[in-house]
There are 2 protein chains.
Amino acid sequence: MAKIKRAAAGELPEAQLRLIAKALADPRRHEILQQIGASREGAACADVRGCQAITAATLSHHLKELEAAGLIEIVRRGKFAQLNLRRDVLEAYRKHLGAILRPKG
Amino acid sequence: MAKIKRAAAGELPEAQLRLIAKALADPRRHEILQQIGASREGAACADVRGCQAITAATLSHHLKELEAAGLIEIVRRGKFAQLNLRRDVLEAYRKHLGAILRPKG
DNA sequence: CCATCAGTTAGACAGTCATCGAACTGTCGA
DNA sequence: TCGACAGTTCGATGACTGTCTAACTGATGG
């Protein structure tokens, strides 16, 4: 999984745009992201698993994808993992889509 | 390819959201979309092909995906095909992403 | 120290998808 | 009518990916 250096609120590097688009493309990840974003404090890993009919392994895989894309941040505390939405990154992606919208000239 | 009924400027049906996310996930389609969106009059099919090192067959495939997602409109005029960006649909998708951003409560 | 629990990693498998060449359809000009 | 051209459809193929089970790591409680 490629590392993405720093996701400023401004422009996202091309590689990250690709990872984000890919991460968003899977319905499962999309749903996970929605759940994490639903509350301001994020969500616990086990919490997500409780709502999803999904194996721990599969969930872990998807979380890694979301993290690699920079869309979430995973904070490990002892046995547990806390998942936080990177709102700045998602916002930057929205902004990027907005740029496509606007013809140049 | 599933047909999408009407893409109002408001909410997009779940199925279309999935198609859009998927369409956006491929780098090639992303680039094609950018090119189509770059000018207000859209782009000619041959034009896109000229900028892309891509087979006609592959391009046709991608255009079908983009059309199925509702992201572009293909207007056939004689031998040629004119491609127009559906800005309302892309805007609606952006709006949807914005909804994830906002915690409910 | 041991059992249990949360999450990760590894490997396998099935389904999806981007891509191509080749054959096809329909249009235009001569 | 014929040939050239734009784009489409078909079938095959190789790569990727979502999913699982099983084995592992690390933390917590007794």
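Proteins come first, then strands; the chains are lettered A, B, ... in the order of their sequence lines, and each starts at number 1. It should be emphasised that the depicted structure is a prediction, and the values quoted were computed from it without experimental measurement.
Between B:Asn84 and the choices B:Arg40, B:Glu73, B:Glu41, the side-chain contact (heavy atoms from CB on, under 4.5 Å) rule is met once, by B:Glu73.
One can place CZ of B:Arg18 at 12 Å from P of D:dG18, the figure rounded to the nearest angstrom. In this structure, the CD1 atom of A:Ile54 is 14 Å from the C1' atom of C:dT8, given to the nearest Å. Atom C1' of nucleotide D:dT19 and atom CD of A:Glu65 are separated by 13 Å, given to the nearest angstrom.
Using a distance-only test at 3.5 Å, with no hydrogens or angles considered, a donor-acceptor pair links the side chain of B:Arg87 to the main chain of A:Leu101.
Only A:Lys22, A:Asp26, A:Arg28, A:Arg29, listed by number, bring a heavy atom of residues 21-29 of chain A to less than 4.0 angstrom from any atom of DNA chain D.
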Base versus backbone protein contacts along nucleotides 2-14 of chain D [heavy-atom cut-off under 4.0 Å; B, S, -]: ---BSSBB-----
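Taking only side-chain nitrogens and oxygens, B:Thr55 comes nearer than 4.0 Å to OP1 or OP2 of C:dC20.
Applying the salt bridge (Lys or Arg N to Asp or Glu O under 4.0 Å) test to B:Arg94 and every residue at least two apart in sequence or in another chain returns B:Glu91.
B:His62 and B:Arg28 are not linked by any side-chain donor-acceptor pair at a separation below 3.5 angstrom, with hydrogens and angles left out of the test.
Note: B:Leu24 CG to A:Tyr93 OH = 4.0 Å, rounded to the nearest 0.5 Å. Between B:Leu66 atom CG and B:His61 atom NE2 the span is 9.5 Å, to the nearest 0.5 Å. A:Cys45 SG to A:Leu59 CG: the interatomic distance, rounded to the nearest 0.5 Å, is 4.5 Å. Separation of atoms CG (A:Leu71) and CD (A:Gln16) is listed at 7.5 Å; rounding is to 0.5 Å.
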